[in-house]
Amino acid sequence: MQELARGILQKMRTELADDVQYRLPLGETEIPLNELIGQPIQLNWLGAINCIHCGRKTKKSFSQGYCYPCFTKLPQCDRCIVSPEKCHFYEGTCRDEAWGERNCFTSHFVYLANSSGVKVGITRGSQVPTRWMDQGAIQALPIMRVDTRQQSGFVERLIGEHVSDKTNWRAMLKGQVDPLDLKAERDRLFELCADGLSELEQQFGLQALQRLPDAEQVEINYPVLNYPQKVSTFNFDKTAEVSGVLQGIKGQYLILDTGVLNIRKFTAYQVALSA
């Protein structure tokens, strides 16, 4: 095999097309991955992990790419990133107010997606449709646009009482996902959550929480030759070399005939790719 690139591994970049187009950032190089599907590839962990924020070497990656000091100090690693409704900016305890103003006080979308069945999620406007492709969703529909990340968290938690807010990643990778009518799901959930949504609209104002009745459902196809019947995962911490024929790519997973590798999980690992 020929080495194509080596360096710090980052999550794959995507472009919505007939089949999602994937590029793998590795050090200073971006490798187009779609053209490697059907070919043998090999990824080798080089034994080092470098924090994606400060660059220092770390024995363990926290929150997908950070060293422990950055994990405990950076706003993008705070508890409110996972649970936006727990935003504490208003208490004056935000880890970085300027960062919070840029990232949390901007338009967010609440959406429904079908990656392993219907789920509810949130994302910044700038991350549409990237967020859906990263999750391996085959369908997605924005249902509300809100003014802040915290507001999106309140809506997500309310709707999450009736549908999942998680992806069954094994079912997603097996391709066992039936198409859904997400507009019908939206209408059903709005009816179930009518009282709660009305309370939020009264609290924040109708202009802050806007429903999107005219939004179109997005269909997403992935470059996969064969889905695995049984999903087995690679872990660089246990096996430094991953090799096999690349069968496809979905979400942030490489699907090989020997197992699957979650690229995002190993962000910040020093890796060499050969094909």
Side-chain angles (χ1 to χ4, degrees), residues 1-26 29-46 61 64-65 113-117 119 121 129-140 164 166-180 218-275:
M1 289 190 178
Q2 179 182 355
E3 183 174 302
L4 302 181
R6 62 170 53 202
I8 295 176
L9 191 65
Q10 301 177 53
K11 86 178 187 76
M12 292 181 283
R13 295 176 183 169
T14 55
E15 179 184 347
L16 186 61
D18 290 340
D19 284 331
V20 176
Q21 297 295 304
Y22 283 93
R23 304 187 309 278
L24 179 66
L26 199 54
T29 306
E30 278 194 9
I31 308 296
L33 289 179
N34 292 56
E35 61 192 47
L36 298 181
I37 294 174
Q39 299 183 34
I41 66 169
Q42 182 173 300
L43 296 102
N44 291 88
W45 177 37
L46 303 176
S61 169
Q64 298 176 343
N114 180 16
S115 49
S116 58
K119 70 177 290 291
T130 301
R131 177 68 171 162
W132 306 331
M133 294 184 284
D134 284 349
Q135 292 181 336
I138 64 169
Q139 298 169 300
S164 176
K166 301 288 191 301
T167 294
N168 181 332
W169 60 273
R170 291 184 181 275
M172 181 271 288
L173 287 172
K174 289 182 179 179
Q176 299 172 343
V177 187
D178 294 325
L180 298 171
V218 177
E219 309 288 333
I220 306 174
N221 299 306
Y222 296 88
V224 179
L225 298 178
N226 296 296
Y227 286 101
Q229 294 183 349
K230 181 180 179 181
V231 177
S232 58
T233 58
F234 288 112
N235 186 336
F236 280 136
D237 296 324
K238 297 179 179 179
T239 305
E241 180 180 301
V242 171
S243 62
V245 176
L246 183 60
Q247 297 290 308
I249 315 169
K250 192 175 185 184
Q252 282 292 319
Y253 286 84
L254 299 182
I255 302 172
L256 284 71
D257 61 345
T258 51
V260 302
L261 179 67
N262 183 349
I263 293 295
R264 193 163 197 169
K265 179 178 179 180
F266 297 104
T267 298
Y269 281 57
Q270 291 274 359
V271 171
L273 170 66
S274 302

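At least one donor-acceptor pair under 3.5 Å links the side chain of Gln139 to the backbone N or O of Leu180. Judged by distance alone, with hydrogens and angles left aside, the side-chain atoms of Asn34 form a donor-acceptor pair with the main-chain N or O of Tyr22 at under 3.5 Å. Side-chain atoms of Tyr227 do not come within 3.5 Å of backbone N or O of Gln247 as any donor-acceptor pair. Checking side-chain atoms of Asn168 against main-chain N and O of Arg170 turns up a donor-acceptor pair under 3.5 Å. One N or O on the side chain of Asp257 and one on the backbone of Val245 form a donor-acceptor pair closer than 3.5 Å.
In this structure, Asp19 and Val224 have side chains that are not in contact, with every pair of non-hydrogen atoms separated by 4.5 Å or more. A heavy-atom distance below 4.5 Å is found between the side chains of Pro228 and Ile255. Side-chain contact between Leu33 and Arg13: absent, with no pair of heavy atoms (C-beta onward) separated by less than 4.5 Å. Looking at heavy atoms from C-beta onward, Trp45 lies out of side-chain contact with Phe266 at the 4.5 angstrom threshold. No side-chain heavy atom of Lys11 sits less than 4.5 Å from a side-chain heavy atom of Gln64.
Note that CG of Asn226 and CG of Leu256 are 12.0 Å apart. Values are rounded to the nearest 0.5 Å. With rounding to the nearest 0.5 angstrom, the CE atom of Met1 is 9.0 Å from the CD atom of Gln39. The distance from the CD atom of Gln21 to the CD atom of Glu35 is 9.5 Å, given to the nearest 0.5 Å. The structure places CG of Leu9 at 9.5 Å from CD of Gln270, a figure rounded to the nearest 0.5 Å. From Ile220, atom CD1 reaches atom NZ of Lys250 across 10.0 Å, with rounding to the nearest 0.5 Å. In this structure, Glu30 CD and Gln10 CD are separated by 8.0 Å, a value rounded to the nearest 0.5 Å.
Screening Leu36, Ile263, Ile37 for a side chain to side chain contact (heavy atoms under 4.5 Å, CB included) involving Ile249 leaves a single residue, Ile37. Applying side-chain hydrogen bond (donor to acceptor under 3.5 Å, both in side chains) to Gln252 and the options Thr14, Asp134, Asn262 leaves one that passes, Asp134.
Lys166 approaches Ser164 most closely through the heavy-atom pair N-OG, 2.9 Å. When all heavy atoms are compared, the tightest approach of Pro129 to Leu16 is CG-CD2, 4.1 Å. Nearest heavy atom pair, residue Phe234 against residue Ser243, reads CZ-O, 4.3 Å. Summarising the geometry of Ser116 relative to Val177, their closest heavy-atom pair is CA-CG2, 4.2 Å, with the distance given to 0.1 Å. Contact between Thr29 and Ile31 at its shortest, heavy atoms only, is CG2-CD1, 3.5 Å. Across all their heavy atoms, Thr167 and Lys119 have their closest contact at OG1-CD, 3.3 Å.
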- Message: Could you go through Leu26 and Leu4, starting from their C-alpha distance and side-chain angles, then the distance that decides it, and tell me whether this counts as side chain to side chain contact (heavy atoms under 4.5 Å, CB included)?
- Response: CA-CA 9 Å; Leu26 199 54; Leu4 302 181; over 6 Å; no
inquiry  = Pair Phe236, Val271 - check side chain to side chain contact (heavy atoms under 4.5 Å, CB included), show working.
reply    = CA-CA 10 Å; Phe236 280 136; Val271 171; 4.0 Å; yes
Steps toward side chain to side chain contact (heavy atoms under 4.5 Å, CB included) verdict (Leu273, Glu3): CA-CA 6 Å; Leu273 170 66; Glu3 183 174 302; over 6 Å; no
For Leu43 and Leu254: C-alpha separation, side-chain torsions, deciding distance, then whether side chain to side chain contact (heavy atoms under 4.5 Å, CB included) applies. CA-CA 11 Å; Leu43 296 102; Leu254 299 182; 4.1 Å; yes
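Within 6.0 Å of CD on Gln229 lie no more than 12 heavy atoms contributed by other residues, nucleotides or ligands.
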